[in-house]
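Notes follow the structure.
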Number of protein chains: 2
Amino acid sequence: MEHRPAADRPREHALSSSLLARVFHQPSLLYFNAVATHLSIREAARRLDVASSAVTRQVAQLEDALGIALFLREKRRLRLSPAGEILFRHSRRLVAPMEAAVSEIELLRGVRAGSVRIAAAESVGLSFLPILLTEFGKRYPRLTLDVAIIPSAEVVERLVDERIDIGFGFIAKPPRQVDVAFRRDVSIGALMSPDHPLATVQHLTMAQCLDHPLAVGKPEISIREVIEPFLKSSANITPPLVEVSSIRLLVELALGGHYVSIMTPIGAQNEIASGRLVFRPLQDGGVPTNRFGILVRAGSSLHLAPAIFYEHAKAYFENLSLPGAV
Amino acid sequence: MEHRPAADRPREHALSSSLLARVFHQPSLLYFNAVATHLSIREAARRLDVASSAVTRQVAQLEDALGIALFLREKRRLRLSPAGEILFRHSRRLVAPMEAAVSEIELLRGVRAGSVRIAAAESVGLSFLPILLTEFGKRYPRLTLDVAIIPSAEVVERLVDERIDIGFGFIAKPPRQVDVAFRRDVSIGALMSPDHPLATVQHLTMAQCLDHPLAVGKPEISIREVIEPFLKSSANITPPLVEVSSIRLLVELALGGHYVSIMTPIGAQNEIASGRLVFRPLQDGGVPTNRFGILVRAGSSLHLAPAIFYEHAKAYFENLSLPGAV
DNA sequence: TCCGTTGTTGCCGTTTCGGCAGCATAATGC
DNA sequence: GCATTATGCTGCCGAAACGGCAACAACGGA
């Protein structure tokens, strides 16, 4: 009966646990584990589909290498020796890394498919996420990415309802069903054209802003919730005010030169970098920041595809200089 | 040049990392890891002390098995491919389990020595610990066990000062430098001879006890701290009282028939089981229990020998019906 | 242009793996 | 009590795997 080489199987199919064990681990360890599981050379040999003599020899070889018996031979019954118990207990930890590696590689190769359901607040969803999605999509072409651009509050809702796997948004105080796996506090300020009167003010306050027409987010935009107390407490007279539901529209209104848009710099970093817009953080005491985070459900682990995406996203944002981050 | 079999080295010596890797893992994974580390077939071959052709072939075989390239060959430079990065990252987790297993086995075999410094409160130290120490000592004959029988408060002190590795004692509220890894609340009561007048009282109170001569622990015995408020609040008249610094002496005084000893049943379980003494838990509302625990230093991991002893101790006490445990 | 280095391939000898046959012994069933 | 079945182990052998040597093509640096 011929020996079965590791490559002797169609590579288009996923590797089974037993095959990938043979790829990575010495037969002596594999056969030891089988014997430790069944406490029988013959039963282990049947499960491994090899001759019992092969199992006996491999175990003996491992005992020689370690210099101690791994089994107590009691007449014709086997018991794990103390050393065998130690090795058996520790070798259980070899399974997960190799299965994870192979699963992830199969996802990479496309022999395994999957999907990731993502939601993001618009400012991040239209600025930084596209680059991440592009890089990720190139690497994992067989993965389906399902992306929604929605307000932060709805990102949280969909996470809790398990309609999405990962969220990107601004949330100061997440509910307990949600973990913030990566967080950055981002400063809030005023966005305006360079020739706006406030553009040259170094220590800008909300009161100064209120002397000019303002563009702010509607209540469902997370920034609004944060700045609302300052809007109310800083003004007896409401300035000309426009409320919008799109960060992009805030940027466009600022570009028009008439309005000062109250927001974080996220979503306008290209215009700021090019000099077409100016961002001035608000210097009022007590103005909070807006808290950006990568959101996942608390207490439950992600499936493979979302988990891989999550690691990529985390690394991506950790290496990113998020504009306005304190 | 001949092949070096795994058994070809003196077994009396500890296994090096590279040798134990060869014992457990396929050469293809080993060589892959070396190449991934050095990003050079030739450099990896030098470090592994094999021919570069062997390394090239083993990596190729692994690539065949997984169905994907693990390296990008750029002219004559290698870079890890995405799949290679995945495998490399996951395979790092194979090292610790095998090194831990071999270290522990070497401790078992006695080729590696070590010591465990232990301190225990007398009640546990003279009752349950000897069995544990005996079992453990038989299994690990080359380990030195350094055991002190001291009051619980001093157990905690020595832990914090790093003069011991593991403590067994009673402590209601450990300092933050100490973790209680295993805990049981043990009831406090009265120990007396069977013909003592209180022996037949079913719902015994401290007040009833105070009508009789009492034996209690000195302030350094942990029980005393717990019962002190009840001694003070239950009596206007102090009964004849003897204070001792030894649990064993409390047991002996109870055996004498004259005194009622206030303690937990731990330290007297043999006398109680044989009927020579009777234990009655105090039924007063609000009488706390005495908290027994296995104590380790918070925030720092144990060295190998103490870690192994700790696992044994934990398993031992988990399977033990500690007398008086609630 | 020359030299040193890289990764790879062909060929070959040695080592390892595992199957077959058989052994001694223990356990089970009648 | 005996026959049968099952166990773990050993001798022998063929196939597969490992790894060394020699040589190659190609790249990079002086």
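Residue numbers begin at 1 in each chain, while the letters A, B, ... track the order of the sequences.
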**Request:** Take the protein atom CZ of A/Arg73 and the nucleotide atom P of D/dA6, then report the distance between them rounded to whole Å.
**Result:** 22 Å
**Prompt:** Which of residues 52-60 of chain A sit near DNA chain D, with a heavy atom under 4.0 Å from it?
**Reply:** A/Ser52, A/Ser53, A/Thr56, A/Arg57
**Residue-level proximity of residues 27-45 of chain B to DNA chain D when a heavy atom falls under 4.0 Å** = B/Pro27, B/Tyr31
**Asked** So does B/Arg139 have more than 12 non-hydrogen atoms from other groups sitting under 6.0 Å from CZ?
**Response** yes
**Side chain proximity check, B/His90 to B/Ile86, heavy atoms < 4.5 angstrom** = yes
**Item:** Euclidean distance, atom CG of residue B/Leu78 to atom C1' of C/dT5 [Å, nearest integer]
**Value:** 13 Å
**Request:** Return the orientation label for the B/Phe32 and B/Phe71 ring planes: parallel under 30°, perpendicular over 60°, tilted otherwise.
**Result:** tilted
**Prompt:** Which whole-number value in Å describes the distance from A/Gln26 CD to D/dA17 P?
**Reply:** 13 Å
**Asked** For the residue pair A/Phe317 and A/Phe128, does the interplanar ring angle fall in the parallel (under 30°), tilted (30 to 60°) or perpendicular (over 60°) class?
**Response** perpendicular
**Message:** Between C1' on C/dT8 and CZ on B/Phe71, what's the gap in Å once rounded to a whole number?
**Reply:** 15 Å
**Item:** Heavy-atom closest pair, residues A/Arg109 and B/Gly67
**Value:** NE-O, 3.3 Å
**Request:** For a side chain to side chain contact (heavy atoms under 4.5 Å, CB included) with B/Val147, tell me which candidate from B/Leu129, B/Val116, B/Ile164 qualifies.
**Result:** B/Leu129
**Message:** Is it the case that over 12 heavy atoms from other parts of the model lie below 6.0 angstrom from the CZ atom of A/Arg46?
**Reply:** yes
**Complete:** Rounded to whole Å, the CD-P distance (A/Glu63 to D/dG8) equals 13 Å
**Criterion side chain to side chain contact (heavy atoms under 4.5 Å, CB included) on B/Glu85 and B/Arg89, from CA distance to verdict** = CA-CA 6 Å; B/Glu85 284 171 1; B/Arg89 173 169 28 94; 5.7 Å; no
**Message:** Please tell me if A/Arg22 has a side-chain N or O lying less than 4.0 Å from either OP1 or OP2 of C/dG18.
**Reply:** yes
**Item:** SB check A/Glu104 A/Arg112 (cutoff 4.0 Å)
**Value:** no
**Request:** Remember a base hit wins even if backbone is also touched, and classify B/Arg46 as base, sugar-phosphate or nothing at under 4.0 Å, heavy atoms.
**Result:** sugar-phosphate
**Message:** What is the distance, to the nearest angstrom, from the CD atom on B/Gln61 to the C1' atom on C/dG7?
**Reply:** 17 Å
**Asked** Roughly, in whole Å, what's the span from NE2 in B/His25 to C1' in D/dC18?
**Response** 18 Å
**Item:** Spacing between B/Arg77 atom CZ and D/dG28 atom P, to the nearest angstrom
**Value:** 7 Å
